[in-house]
2 protein chains.
Amino acid sequence: MVTMLDVSRKAGVSTATVSRVINKPEIVDEKTRLTVQKAISTLDYRPNLFARGLAGRSSHTIGIAVNGFSSPYFGLVIDGMEQALARVGYKTIAESNRRGAEGEREAWLSLIERRCEGVIIHSANLSDEELKHLMQQHPSSVLINRLLPDFEHRCINLDNFHAAEIAAKHLIDNGHREIAVITGPKRNFEVKDRINGFNFTLNNAGLKLDKDLTIEADFSGLSGQEGLEKLLATGKKFTAVFFHNDEMAAGGMETCRKANIRIPEDISIIGFDDVAIAKHLTPKLTTVRQPLREIGATAGLLARAIANNPNDADHLPRTFQAEVVERASVARI
Amino acid sequence: MVTMLDVSRKAGVSTATVSRVINKPEIVDEKTRLTVQKAISTLDYRPNLFARGLAGRSSHTIGIAVNGFSSPYFGLVIDGMEQALARVGYKTIAESNRRGAEGEREAWLSLIERRCEGVIIHSANLSDEELKHLMQQHPSSVLINRLLPDFEHRCINLDNFHAAEIAAKHLIDNGHREIAVITGPKRNFEVKDRINGFNFTLNNAGLKLDKDLTIEADFSGLSGQEGLEKLLATGKKFTAVFFHNDEMAAGGMETCRKANIRIPEDISIIGFDDVAIAKHLTPKLTTVRQPLREIGATAGLLARAIANNPNDADHLPRTFQAEVVERASVARI
DNA sequence: AACTGACGTGTAAGCGCTTTCATTGCAGCG
DNA sequence: CGCTGCAATGAAAGCGCTTACACGTCAGTT
């Protein structure tokens with residue numbers, strides 16, 4: 001392994017100078033700089049990250065902890081982050097949460113251990129209390145999909161209230177009056193916001209949400225399927241249903257197929273997220289798109305800014321707006 | 001930050017002993033070990049990975065470089081790897097390739113720099129020559145989805161020949177005689193294997209592949225869509241088409257829908273991979289499933305074994321068998 | 001009783017960098 | 001011509017850990 005010492009010898013300077021050439025080229029004389037750079041490239045030298053990290057230089061990497069890499073949702077977030085960060089010379093490292101609060105804490109710490117300058121966390125299981133504690137202890141971490149009191153400027157979120165608003169509006173504009181909804185777990189704050197936004201819009205339009213027509217599910221396809229079955233079982237009339245994610249919407253479509261219910265002729269369906277499957281469903285799913293890549297990108301940039309240059313952080317948005325992607329699962333009636 | 005020195009003081013021993021407790025607990029006296037462990041946990045001490053890495057201890061992490069985190073394909077591979085490795089106390093770090101050969105090399109090196117004990121690489125763009133060079137230089141890296149001459153024992157692959165064989169067999173068994181195929185890029189070795197396996201089976205059954213009925217595409221949905229259009233334009237008769245991945249199959253279905261061709265009544269379709277969208281298509285896609293998680297898991301384990309205990313490596317499989325998942329897009333005729 | 005090993009532990013030398021502080025050389029000044 | 005001040009560089013002290021080596025201690029020998 002070729003070390004900085006090798007380079008310095010080859011270039012006839014001290015290791016300090018080599019280090020400067022690498023980290024602050026502007027402060028070394030042009031001539032020396034050139035010699036050193038030549039030495040670096042002819043020796044094919046690459047700094048040892050561990051030594052660098054130990055010696056205290058910043059690692060130029062931002063970490064992100066998610067639950068499972070195979071989620072289409074987080075895949076996009078990470079991708080967005082990775083690309084934005086790469087553009088400013090930063091590396092991304094992704095870690096997979098083990099399940100539960102313990103797993104989330106573990107992943108977070110592990111990222112810190114890796115000396116990530118910033119860490120971005122999606123936590124569903126840690127309590128506000130503990131989250132606050134960790135946020136305090138690790139000042140350049142940022143949360144996504146969670147709004148932690150007192151740490152709002154370090155949280156990145158979709159404007160779920162608004163997102164549900166436009167979903168409702170889309171349905172109403174298309175003439176729907178009896179609307180059902182299948183929600184995510186109600187303890188999630190984003191679920192609450194969606195419910196509120198949805199209700200708000202319905203109320204404004206002089207409609208109201210029938211309690212029996214809102215079912216709590218758990219974001220899984222199966223729960224969507226069963227949710228719609230329950231809805232059907234009530235015998236109540238409804239012409240449209242709003243699912244809190246696409247996965248559940250796909251499940252819902254499945255029960256329609258089984259029950260011989262036509263979409264959108266008999267029931268209109270609107271989803272949420274716009275993940276890959278949405279456009280492959282039949283009919284193609286009209287859904288509320290989250291700007292996932294953008295959220296990832298901003299989270300990454302924010303973490304970096306907080307770590308290095310807190311002023312920059314102010315310019316970054318903390319909340320994002322969804323938009324509805326009109327496809328073919330909502331009928332005008 | 002609490003360091004090993006703090007722990008050693010608290011426990012009244014030297015740092016060397018603390019280090020031993022962490023790395024080779026068996027060699028320290030039980031009593032001391034307990035004191036030290038208590039000190040560690042009351043201080044909430046966590047070793048500094050950089051110092052560890054620098055001082056030469058193994059990092060207990062395996063890295064993987066893929067192109068983009070949002071691919072449903074690699075998502076599963078990484079997930080499988082992560083879980084298998086976690087089970088043996090190893091960490092996974094995933095890095096996203098930048099495009100092209102240069103990007104792949106870069107990601108590889110970057111993983112090495114992070115002192116990953118082993119590295120697992122998916123390379124589509126590096127030449128065999130360069131790959132060999134890198135494999136030599138970094139003895140505990142393993143390749144997935146590529147078969148590099150002279151390094152077969154460090155390559156993990158699907159048995160593509162067999163996979164295509166069973167796809168063909170499935171079609172033939174269902175009575176199909178005129179079969180079209182839409183392939184991936186032919187320079188890919190796995191594509192070649194699939195073509196060979198497919199042809200082989202067809203020939204064995206006394207059929208042969210019509211040159212006009214095989215179209216080269218690029219694995220994208222759009223290319224699948226266009227591929228089927230071209231097929232239709234030939235005016236030749238075919239009752240089934242084999243797509244080299246699900247994405248393209250979805251595209252093909254799209255074409256059918258537009259052309260008012262019923263699946264599977266008019267044309268049967270079989271895909272490849274079995275990614276998330278497959279079961280959401282209408283009709284549900286019959287496809288050849290790759291054991292993606294298992295491939296990931298084995299790749300991770302293999303890299304680790306090569307790094308630590310070459311003998312263990314022998315037991316691990318290098319090639320995996322696909323299976324067809326029968327759903328609803330292939331008709332019996 | 002002196003001698004051997006095995007065992008448990010401590011001492012201290014790095015690992016490859018960054019960074020502070022000191023040093024040098026030299027232009028510009030009175 | 002001696003100063004000051006600045007720019008460019010070097011010397012050396014860590015960063016927090018691992019590990020070779022040395023050093024007791026205390027059985028079990030002879």
Side-chain angles (χ1 to χ4, degrees), chain A residues 1-40 43-61 91 109-110 112-117 307-308, chain B residues 1-40 43-61 91 109-110 112-117 307-308:
Chain A
M1 167 168 265
V2 19
T3 76
M4 191 171 259
L5 190 62
D6 300 323
V7 177
S8 72
R9 282 208 260 263
K10 173 122 191 168
V13 299
S14 74
T15 61
T17 299
V18 177
S19 174
R20 287 185 193 109
V21 169
I22 293 174
N23 298 302
K24 292 192 187 152
E26 29 347 318
I27 72 168
V28 0
D29 186 77
E30 178 165 355
K31 221 166 134 189
T32 352
R33 183 173 2 121
L34 259 29
T35 339
V36 172
Q37 277 164 345
K38 196 158 107 216
I40 288 180
L43 290 178
D44 202 17
Y45 165 74
R46 309 199 116 217
N48 177 321
L49 289 186
F50 285 68
R52 255 215 230 219
L54 221 212
R57 278 259 311 117
S58 76
S59 61
H60 273 218
T61 104
K91 299 247 168 208
L109 262 22
S110 154
I112 297 286
E113 268 176 8
R114 285 212 152 70
R115 278 267 205 290
C116 291
E117 281 180 27
N308 298 312
Chain B
M1 165 168 268
V2 19
T3 77
M4 190 171 261
L5 190 61
D6 300 323
V7 176
S8 72
R9 282 208 261 263
K10 173 124 193 166
V13 299
S14 73
T15 61
T17 300
V18 178
S19 174
R20 286 184 194 110
V21 168
I22 293 174
N23 298 303
K24 292 194 185 150
E26 24 355 311
I27 72 169
V28 2
D29 186 77
E30 179 167 353
K31 221 166 130 188
T32 350
R33 187 180 351 129
L34 259 28
T35 338
V36 172
Q37 277 164 344
K38 197 158 105 215
I40 289 181
L43 290 178
D44 203 18
Y45 164 73
R46 309 201 116 218
N48 177 319
L49 289 185
F50 285 68
R52 252 185 186 211
L54 221 212
R57 277 258 314 115
S58 79
S59 60
H60 273 217
T61 103
K91 300 245 169 208
L109 263 21
S110 154
I112 297 287
E113 268 175 10
R114 286 209 152 71
R115 278 269 204 287
C116 291
E117 279 180 27
N308 298 311

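Values in this document were obtained by computation on a predicted structure and should not be read as measured data. In what follows, chains carry the letters A, B, and so on, assigned in the order in which the sequence lines appear, proteins first and then strands, with residues in each chain numbered from 1.
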Collect all protein-nucleotide pairs involving nucleotides 20-28 of chain D in which both atoms are nitrogen or oxygen and the distance is under 3.5 Å.
unit_1, atom_1, unit_2, atom_2, d
D/dA20, N6, B/R20, NH2, 3.3

Checklist entry - Can you list the residues that meet the salt bridge (charged side-chain N to carboxylate O under 4.0 Å, His left out) rule with B/R114, with sequence neighbours excluded? => result B/E95
Next on the checklist: Just to be sure I understand: a Watson-Crick pair is purine N1 to pyrimidine N3 plus N6-O4 or O6-N4, both under 3.5 Å. Using that and G-U wobbles, which stems of three or more pairs involve DNA chain D?
Outcome noted: C:1-30 with D:1-30
Listed nucleotide nearest any side-chain atom of [X], set [options]:
{"X": "B/T15", "options": "D/dG16, C/dT18, C/dA12", "value": "C/dA12"}
{"X": "B/M4", "options": "D/dA11, D/dT18, C/dT18", "value": "D/dT18"}
{"X": "A/A51", "options": "D/dT18, C/dG16, C/dT9", "value": "C/dG16"}
{"X": "B/S14", "options": "C/dG10, C/dG14, D/dC15", "value": "C/dG10"}

In whole Å, I'd like the distance from the [atom1] atom of [X] to the [atom2] atom of [N].
{"X": "B/K24", "N": "C/dG8", "atom1": "NZ", "atom2": "P", "answer": "14 Å"}
{"X": "B/E30", "N": "C/dC7", "atom1": "CD", "atom2": "P", "answer": "16 Å"}
{"X": "A/D29", "N": "C/dC26", "atom1": "CG", "atom2": "C1'", "answer": "13 Å"}
{"X": "A/I27", "N": "C/dT20", "atom1": "CD1", "atom2": "P", "answer": "11 Å"}
{"X": "A/R52", "N": "C/dT19", "atom1": "CZ", "atom2": "C1'", "answer": "14 Å"}
{"X": "A/N48", "N": "D/dG16", "atom1": "CG", "atom2": "C1'", "answer": "14 Å"}
{"X": "A/I22", "N": "C/dC17", "atom1": "CD1", "atom2": "C1'", "answer": "9 Å"}
{"X": "B/M1", "N": "D/dC17", "atom1": "CE", "atom2": "P", "answer": "8 Å"}

Item to check | A/E26 atom CD, neighbour heavy-atom count above 12 within 6.0 Å | outcome: yes
By side chain to side chain donor-acceptor pair (under 3.5 Å), which residues pair with [X], not counting sequence neighbours?
{"X": "A/R46", "result": "B/E106, B/E113"}
{"X": "B/S19", "result": "B/N23"}
{"X": "A/T32", "result": "none"}

Below 4.0 angstrom from OP1 or OP2 of [N], is there any side-chain N or O of [X]?
{"X": "B/T17", "N": "C/dG10", "answer": "yes"}
{"X": "B/T3", "N": "D/dG16", "answer": "no"}
{"X": "A/N23", "N": "C/dT18", "answer": "yes"}
{"X": "A/T32", "N": "D/dT9", "answer": "yes"}

Item to check | Flag side-chain contact, heavy atom, 4.5 Å: B/K91 against B/L49 | outcome: no
Checklist entry - With side chains defined as the heavy atoms from C-beta onward, is the minimum distance between A/V13 and A/V18 less than 4.5 Å? => result yes
Item to check | A/R33 versus A/P25, closest heavy-atom pair with distance | outcome: NE-O, 3.3 Å
Checklist entry - If every non-hydrogen atom of A/V2 is compared with every non-hydrogen atom of A/L43, which pair is closest and at what distance? => result CG1-O, 3.7 Å
Next on the checklist: Regarding A/V18, tell me which of base, sugar-phosphate or nothing describes its non-hydrogen contacts under 4.0 Å with the strands shown.
Outcome noted: nothing
Next on the checklist: Test side chain to side chain contact (heavy atoms under 4.5 Å, CB included) on A/I40 and A/I22; report intermediate values, then the result.
Outcome noted: CA-CA 10 Å; A/I40 288 180; A/I22 293 174; 4.0 Å; yes
